[in-house]
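Step one of this worksheet: look at the structure below.
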Amino acid sequence: MPDLRAPRGMHDLLPDDEPLWLHVRDTAERVARAFDYRLIQTPLVEDAGVFQRSAGGDSDIVAKEMYVFDDRGGDRLALRPEGTAGVCRAYLEHGMASRPQPVRLYYCGPFFRYDRPQAGRYRQLWQFGVENIGDGSPAADVETIELQHLLYQELGLRDLALRVNSIGTAETRHRYVATLTEHLRPHAATLSPDSQRRLESNVLRVLDSKEDAGHPALVSAPSILDFLAPADVDHFTRVCASLDALGISYAVDPRIVRGLDYYARTVWEFEPPEAGGQSTVGGGGRYDGLIEMLGGPHTPGVGFATGIERIVLNLRERGLGPAAPAAPDVAMIALGEAGEAAALSVARALRAAGLAVRGATPGRSMRAQLRSATSAGARFAVIVGDAEARDGVVQLKPLTVTADQATVAVGEVAEAIRSRG
RNA sequence: GUGGGUGUGGCCUAGCGGUUAAGGCGCCAGGUUGUGGCCCUGGAGAGCGUGGGUUCAAAUCCCAUCACCCACCCCA
């Protein structure tokens with residue numbers, strides 16, 4: 001066991017993981033482009049203030065999960081724990097408000113949260129997400145939900161359940177929190193210790209408690225939906241109506257609260273059926289106040305993020321996705337010094353013709369090189385020995401196709417391969 | 001941060017107090033002259049997470065520690 005290992009909770013993505021992982025990333029990008037979203041890549045590191053001011057100083061993500069450090073110049077930086085704040089910072093910094101609105105963006109990259117690792121939970125995690133900035137209408141909420149929904153459909157995750165809620169605006173939430181606290185406080189003694197703690201720190205989270213799910217005080221708790229301002233109710237009603245029209249099934253769940261302070265109005269989550277623990281595959285919401293918190297003008301926005309590792313986890317559980325890695329079209333086999341030199345130029349020509357060509361390992365026996373070509377899954381072996389080099393030909397040997405081995409002139413190898421499929 | 005489980009070559013696993021730690025996969029090399037996939041043979045590779053202790057003797061028992069996994073918490 002080597003004494004140097006990957007940091008806790010951080011993992012190497014190995015060649016065997018590649019097919020599934022790329023499948024997920026490519027599918028996500030394809031779906032995003034189908035909705036005309038454009039790629040944005042922000043730094044993995046931001047001024048810590050970007051997250052402190054947006055997500056909320058006492059959100060878990062910022063308070064206990066953020067990697068923060070001072071750089072050599074004394075700036076206080078943070079490894080990004082989530083994507084929306086950085087994208088909004090970039091939106092502001094690059095004056096995207098003067099582009100046609102809304103601005104549709106997607107991103108894909110690593111994020112960092114200092115948390116205890118667990119199944120589906122990592123300290124470095126990959127997220128794919130989209131942000132729709134500049135459109136406050138219900139249509140934008142619906143568009144991002146539809147995009148996320150389609151992404152899961154395309155991947156074959158048909159059974160993820162969508163739960164939606166509206167948590168209103170900051171003011172309505174403020175009123176709700178006050179009432180909820182009042183409602184729960186008399187029952188504090190009978191609530192679980194965790195809920196008692198949340199009662200003081202973050203009342204909304206009490207609603208999320210699994211332990212107290214059946215507690216009378218929670219069952220009879222007021223619903224945030226009853227506290228929404230008329231405009232918020234209207235917004236939410238229209239979101240739901242559009243989802244209905246699209247045939248996207250969902251459940252309204254007034255107990256959904258998302259972890260970040262900047263959310264307002266619509267919030268949602270996609271979860272596998274009957275799963276507990278680290279099960280959320282992706283979630284999103286509207287964040288109309290966020291850009292203001294970052295020092296910009298009031299700007300509406302909505303988006304979602306989904307965890308690549310959690311998608312992969314779910315695909316594996318269901319046996320979905322591609323299994324076989326891409327195999328090369330050709331494996332070069334070189335024998336002798338002249339053969340080795342000739343194989344190099346033949347390989348270059350084949351690659352120029354668009355074929356994937358695995359280079360030869362000239363020191364090894366023909367048998368060894370052929371075995372290696374077979375295990376690599378190459379469709380053809382191209383054998384070049386001193387005799388072939390002298391005559392300007394190669395031996396074209398089909399490995400996965402049934403066809404006879406043939407002697408082919410150096411200039412006609414690519415064509416010969418094409419004609420043999 | 002809290003609780004539980006696990007820790008043997010690259011991977012999977014056997015061994016659970018006593019000779020040079022066993023097997024499978026994978027890897028490398030051979031099975032006559034430049035031809036693979038099956039099969040056969042041989043080889044390299046661990047001293048049993050780490051440290052300490054018990055014992056004549058420990059991978060096997062005890063303690064500590066670390067890592068990983070699972071759950072709580074929280075979230076992707």
Side-chain angles (χ1 to χ4, degrees), chain A residues 1-11 14-16 24 55 58-65 80-84 108-129 148 160 192-195 197-198 201-202 204-205 208-211 256-260 269-272 276-284 304-314 331 333-336 339 361-389 395-400 402 404-405:
Chain A
M1 202 54 68
D3 60 342
L4 252 26
R5 316 187 55 176
R8 182 156 203 218
M10 305 194 183
H11 296 281
L14 299 174
D16 286 347
V24 172
D58 35 54
S59 67
D60 275 17
I61 278 187
V62 169
K64 39 184 241 198
E65 295 176 9
R80 60 183 191 182
E82 61 96 29
T84 303
C108 183
F111 294 86
F112 302 86
R113 294 183 193 175
Y114 188 87
D115 201 351
R116 188 92 174 248
Q118 202 181 313
R121 189 171 78 187
Y122 308 104
R123 288 185 173 180
Q124 176 178 321
L125 56 121
W126 281 72
Q127 285 190 347
F128 170 86
Q148 188 175 10
L160 299 185
S192 69
D194 275 335
S195 293
R197 180 177 50 76
R198 288 168 176 157
S201 60
N202 190 351
L204 291 176
R205 294 240 76 97
D208 235 9
S209 168
K210 289 160 194 98
E211 220 176 321
I256 292 187
V257 291
R258 309 231 61 231
L260 306 174
E269 289 179 356
F270 281 88
E271 254 187 333
Q278 325 315 123
S279 57
T280 304
V281 175
F304 73 81
T306 185
I308 303 285
E309 290 89 349
R310 288 194 182 172
I311 290 177
V312 167
L313 197 68
N314 278 274
I333 291 177
L335 300 161
T361 45
R364 304 173 68 184
S365 69
M366 167 102 103
R367 174 208 290 272
Q369 293 192 61
L370 269 174
R371 279 183 176 158
S372 164
T374 301
S375 73
R379 293 159 56 221
F380 293 90
V382 168
I383 303 167
V384 192
D386 291 339
E388 286 79 9
Q395 299 296 327
L396 179 62
K397 179 182 176 67
L399 295 176
T400 59
T402 17
D404 291 329
Q405 179 169 329

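Everything numeric in this text was worked out from a predicted model, so none of it was measured.
At the heavy-atom level, A:Ile308 lies nowhere under 4.0 Å from the strands shown. At the heavy-atom level, A:Glu269 lies nowhere under 4.0 Å from the strands shown. Using a 4.0 Å heavy-atom cutoff across all strands shown, A:Gly377 reaches no nucleic acid atom at all. The residue A:Tyr122 sits close to a base: some heavy atom pair falls under 4.0 Å.
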Between N or O atoms, less than 3.5 Å apart, protein on one side and nucleotides 27-31 of chain B on the other: list the pairs.
unit_1, atom_1, unit_2, atom_2, d
B:C28, OP1, A:Arg364, NH2, 3.1
B:A29, OP1, A:Arg364, NE, 2.9
B:A29, OP2, A:Arg364, NH2, 2.9
B:G30, O6, A:Arg371, NH2, 3.4
B:G31, N7, A:Arg367, NH1, 2.9
B:G31, N7, A:Arg367, NH2, 2.8
B:G31, O6, A:Arg367, NH1, 3.1
B:G31, O6, A:Arg371, NH2, 2.5

What does the list of N/O pairs under 3.5 Å between the protein and nucleotides 64-67 of chain B look like, with a distance for each?
unit_1, atom_1, unit_2, atom_2, d
B:A67, O2', A:Arg5, NH1, 3.0

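Between A:Gln127 and B:A76 there is no side-chain N or O to OP1 or OP2 distance below 4.0 Å. The side chain of A:Gln118 places no N or O atom within less than 4.0 Å of a non-bridging phosphate oxygen (OP1 or OP2) of B:C69.
The base of B:G36 has none of its N or O atoms less than 3.5 Å from a complementary donor or acceptor on the side chain of A:Gln405. Counting distance only, with no hydrogens placed and no angle test, the side-chain atoms of A:Thr374 and the base atoms of B:G37 include no donor-acceptor pair under 3.5 Å. Between the side chain of A:Arg121 and the base of B:C73, a donor-acceptor pair under 3.5 Å is found.
A distance of 8.0 Å separates CD1 in A:Ile333 from OG1 in A:Thr361, rounded to the nearest 0.5 Å. To the nearest 0.5 Å, atom CZ of residue A:Phe128 and atom OG1 of residue A:Thr306 are 9.0 Å apart.
By the 6.0 Å and 45° rule, A:Arg123 stacks over the aromatic ring of A:Tyr114.
In RNA chain B, runs of at least 3 stacked Watson-Crick or G-U pairs (N1-N3 plus N6-O4 or O6-N4, or N1-O2 plus O6-N3, all under 3.5 Å) give these stems: B:1-7 with B:66-72, B:10-13 with B:22-25, B:27-31 with B:39-43, B:49-53 with B:61-65.
Per the geometry, CZ belonging to A:Phe111 stands 10 Å off C1' belonging to B:A76, to the nearest Å. Rounded to a whole Å, the CG atom of A:Leu370 is 8 Å from the P atom of B:U35.
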